[in-house]
Amino acid sequence: MFKKILIANRGEIACRVIRTARRMGIRTVAVYSDADRHAMHVRLADEAVRIGPAPSAQSYLVIDAIVEACKATGAEAVHPGYGFLSEKTAFAAALEAIGVAFIGPKPHAITAMGDKIESKKLAKAAGVSTVPGYTDVIDGPEHAVKIAREIGYPVMLKASAGGGGKGMRVVRNDEECRDGFQRATNEAVSSFGDGRVFAEKYIEEPRHIEIQVLADAHGNTLWLNERECSIQRRHQKVIEEAPSPFLDAKTRKAMGEQAVALAKAVDYQSAGTVEFIVDRDRNFYFLEMNTRLQVEHPVTELITGLDLVELMIRVAAGEKLPLKQKDVKIDGWALEARVYAEDPFRNFLPSIGRLVRCQPPAGSDHVRVDTGIEEGSEVSMYYDPMIAKLITSGGTRDEAIDRMADALDEYHIRGVSHNISFLNALVSHPRFREGRLSTNFIAEEYPHGFHAADVPREDPALAVVIAAAIHRRFMDRAAKLSGQLPSHERQVGNEFVVIIGQHHHPVTVVPVAGGCDVRLGDRTHRVTTAWQFGNPLVRAEVDGRPVCFQLDRVGIRYRLSHRGAQVDALVCEPRAAGLAGLMLAKVPPDLSKFLLSPMPGLLVRLAVTVGQELKAGEEIAVVEAMKMENSLRATDDVKITRILAEQGQSLVVDQPIVEFG
Ligand code: ADP
Ligand code: ADP
Ligand code: MG
């Protein structure tokens with residue numbers, strides 16, 4: 001076995017690999033860019049080597065820098081994680097050339113599967129079912145239309161070099177096809193430097209189901225069951241699970257055997273994933289093979305009890321797989337949610353900044369948190385904005401989902417926007433609970449984006465009761481503070497009014513041992529809690545039911561977050577509540593005449609001048625954030641009356657860029 005390995009990655013996956021290596025008694029070497037000098041993966045590793053400045057093109061993507069780090073530290077093998085260099089043949093080959101083992105497949109397998117057109121041809125030849133279509137390069141928009149008509153609309157145009165959901169377009173008629181071809185080509189050139197595009201039938205009501213394979217150098221190739229990753233936003237996975245609620249044993253076996261046949265056809269070694277698209281009749285078709293560890297591998301680990309990273313390391317060291325196909329089990333259910341620094345209420349714009357608070361739920365046999373950042377870390381603009389992967393398991397799918405909802409409630413993140421309310425809404429969605437998934441789930445259920453109104457409504461009494469109980473604690477503490485004359489202490493009454501929005505909820509709060517009784521309307525709710533001042537999580541039982549609310553103080557209000565919903569509650573004495581109704585509400589400034597920057601970023605282009613008239617839909621400015629160019633367009637016909645920011649300027653969120661007349 002290796003004595004020392006290097007991890008050519010960062011973030012959660014670097015930390016995850018280091019943990020397994022350490023358990024196996026292997027020393028670890030981390031690599032880091034200047035932005036990651038203090039990162040968790042650097043601290044966890046036994047040694048660390050600086051490989052360059054922050055941009056990945058100058059650090060994590062530089063093959064020579066990693067090769068030098070191997071030489072300098074004497075690492076015998078390299079785990080590439082996912083992304084970065086994990087699927088670059090040249091990297092695996094460069095390591096081979098200096099006698100360092102690549103913990104992944106051999107270079108020829110990476111090459112064979114790295115190109116969608118070539119891998120599809122290979123799969124076909126290996127007897128794997130593929131999506132009907134045209135597996136050659138399309139040479140222009142008119143050619144695309146001809147091919148699309150032959151295949152029959154709808155058609156999916158795809159970049160052969162594509163990945164990460166980029167360079168893909170669904171087209172439903174000739175016009176969309178010409179336009180889609182152009183866009184897919186442009187995106188493919190700019191993202192992959194390779195503009196080849198091909199076409200295949202678009203599968204309706206598609207489900208994304210993939211098979212994990214694992215092979216050693218001794219001819220043993222196994223399939224480790226499936227993962228369903230149908231919950232996607234723009235072809236990017238959001239929630240994954242294993243097993244799939246859709247597969248029967250027969251389909252599972254057929255898919256597994258085809259995946260193994262494909263792996264064998266390229267003499268595959270190590271862990272890999274064969275992705276399929278499955279239609280409503282359970283016909284399945286090969287999409288692509290990812291020749292690396294997948295982001296969502298933990299759900300497979302939780303249902304099979306295997307450590308995929310350990311097995312990858314053992315295979316790379318030349319060992320035989322310690323199990324046979326018949327030993328591969330499905331035990332229970334597992335779910336993964338990707339927690340991102342992005343704002344679901346602002347069209348999922350990436351958010352950057354410091355994690356002022358970051359307290360993940362406690363880990364257990366059924367809750368796993370894979371993360372590479374912690375309180376005080378910065379989510380920078382240089383890398384993927386994933387904060388963590390939250391993985392839960394249970395004996396049944398329902399149990400795993402319930403644990404996920406609870407774990408999301410406990411995940412406390414402040415300082416950057418995050419998608420926890422969206423994840424919570426997804427796992428609470430009745431259609432998700434029923435397992436009626438499709439890759440269009442999010443687009444169908446949230447056709448106009450995600451809004452506060454999409455957050456599932458819990459029993460509103462719950463927030464009222466919690467706000468009342470918390471307020472009573474604050475009042476009792478205030479009354480006990482020193483400086484009051486003996487026997488002239490302030491008395492705390494039992495009557496309060498909880499004001500949420502325009503609604504006034506009169507309550508009576510009576511302290512009892514370990515909590516209080518809150519009378520609301522004609523019901524009395526027993527609240528018990530060990531909550532202490534300063535704790536942002538209020539864990540309580542309300543009428544015996546455990547709940548966890550997140551608590552923030554916003555001015556004199558309590559902001560309570562639970563199951564993705566957020567309410568601001570003002571609690572006061574009845575007399576004050578009467579007066580609160582007389583208070584003039586502060587009218588928010590009218591910002592409708594301004595174009596505001598929707599995110600922090602760089603104003604890379606300002607396309608207008610003072611006095612210019614624009615039609616709705618015309619571009620005003622382009623703001624770059626997290627390497628993505630976001631085009632800001634006029635929503636109505638407008639005239640520009642003032643310019644408030646300069647091209648090249650860094651903008652904060654909500655900073656005005658132009659004013660309209
Ligand atoms: P998975 O199925 O493991 O989620 P993805 O295709 O989403 O696979 O990719 C995993 C990681 O690799 C993500 O961080 C993604 O951004 C990155 N990635 C994948 N393909 C590419 C690519 N061609 N260029 C840049 N990044 C990529
Ligand atoms: P990437 O390399 O970007 O991961 P994939 O070929 O794996 O590209 O496709 C990504 C996603 O796009 C799939 O998970 C699926 O949701 C969708 N998709 C791809 N091909 C088709 C198709 N022929 N029909 C319907 N959906 C598709
Ligand atoms: Mg894919």
Side-chain angles (χ1 to χ4, degrees), residues 82-83 86-88 110 112-124 128-135 138 144 147-148 151-172 176-177 180 183-184 187-188 190-192 194 196-213 226-241 244 246 255 259 262 272-297 336 338 384 437-444:
Y82 53 74
S86 61
E87 290 175 287
K88 298 270 185 284
I110 303 178
M113 290 300 156
D115 188 84
K116 287 190 204 282
I117 293 181
E118 293 312 314
S119 65
K120 200 168 161 180
K121 286 181 179 164
L122 229 152
K124 234 176 176 168
V128 176
S129 141
T130 57
V131 189
Y134 182 75
T135 39
I138 300 176
I147 302 282
I151 296 172
Y153 289 109
V155 161
M156 185 101 174
L157 298 172
K158 274 191 190 180
S160 190
K166 287 201 203 92
M168 238 183 285
R169 284 287 178 289
V170 182
V171 296
R172 297 183 182 273
E176 281 182 20
C177 183
R183 284 170 183 273
E187 218 168 285
S190 72
S191 301
F192 316 110
D194 174 348
R196 288 172 306 133
V197 167
F198 69 107
E200 60 188 29
K201 180 86 190 158
Y202 177 74
I203 305 297
E204 303 267 13
E205 273 179 56
R207 300 177 75 126
H208 174 118
I209 301 179
E210 56 189 33
I211 301 286
Q212 175 72 54
V213 295
E226 78 281 6
R227 295 183 285 259
E228 172 148 12
C229 317
S230 296
I231 302 297
Q232 306 183 345
R233 213 178 67 78
R234 302 198 176 148
H235 310 303
Q236 292 266 41
K237 299 159 186 168
V238 180
I239 294 184
E240 303 99 339
E241 61 185 292
S244 159
F246 192 56
M255 290 173 76
L262 178 62
T273 297
V274 182
E275 297 189 332
F276 292 95
I277 196 101
V278 182
D279 73 12
R280 60 188 144 219
D281 303 317
R282 291 200 182 82
N283 297 308
F284 58 88
Y285 308 95
F286 169 77
L287 276 184
E288 62 163 345
M289 180 168 188
N290 291 328
T291 54
R292 56 172 160 88
L293 189 65
Q294 203 100 341
V295 174
E296 58 275 18
H297 75 278
E336 174 182 278
R338 300 190 187 191
D384 189 289
L437 313 182
S438 121
T439 60
N440 300 324
F441 184 99
I442 291 175
E444 282 166 10

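Computed from a predicted structure; not experimentally measured. FYI, side chains are in, hydrogens and waters are out, and symmetry mates aren't considered; it's all heavy atoms of this structure. In listed order, ligands and their atoms are each counted from 1.
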* For ligand 2, which atoms sit closer than 4.0 Å to a heavy atom of His208? -> 13 (C), 14 (O)

* **Test log, rule side-chain contact (heavy atoms from CB on, under 4.5 Å), inputs Met156 and Lys201** => CA-CA 6 Å; Met156 185 101 174; Lys201 180 86 190 158; over 6 Å; no

* Examine Glu288 and say whether one of its N/O/S atoms is closer to the Mg ion (ligand 3) than 2.8 Å. => yes

* Side chains of Asn290 and Glu275: do they bring a donor and an acceptor to under 3.5 Å? -> yes

* Asked: Between Ile203 and ligand 2, is there a nitrogen or oxygen pair with a distance under 3.5 Å?
  -> yes

* **Non-neighbouring partners of Phe286 that pass ring pair (Phe, Tyr, Trp, His ring centres under 6.0 Å), sequence neighbours left out** => none

* Residues in salt bridge (charged side-chain N to carboxylate O under 4.0 Å, His left out) contact with Arg169, at least two apart in sequence or another chain -> Glu187

* Nearest-0.5 Å distance, CD of residue Glu228 to CD of residue Glu296 -> 12.0 Å

* Taking both backbone and side-chain atoms of Leu287, is any N or O found less than 3.5 Å from an N or O belonging to ligand 2? -> no

* Quick one: which of Val128, Leu287, Asp115, Val131 gives a side chain to side chain contact (heavy atoms under 4.5 Å, CB included) with Lys120? -> Val131

* Between Val170 and ligand 2, which residue portion shows a heavy-atom distance shorter than 4.0 Å: side chain, backbone, both, or neither? -> neither

* N/O/S atom name from Glu275 that is nearest to the position of the Mg ion (ligand 3) -> OE1

* To do: Specify side chain, backbone, both or neither for Lys237, according to which of its non-hydrogen atoms lie closer than 4.0 Å to ligand 2.
  => neither

* Asked: Are any of the N or O atoms of Lys158 closer than 3.5 Å to those of ligand 2?
  -> yes

* Quick one: which of Glu275, Lys116, Lys201, Glu288 has a heavy atom closest to atom 22 (C) of ligand 2? -> Lys201

* Structure fact -> Closest to atom 16 (O) of ligand 2 (heavy atoms only, candidates His235, Glu200, Gln232) is Gln232

* **Cation-pi geometry met for Arg207 and Phe246 (6.0 Å, 45°)** => yes

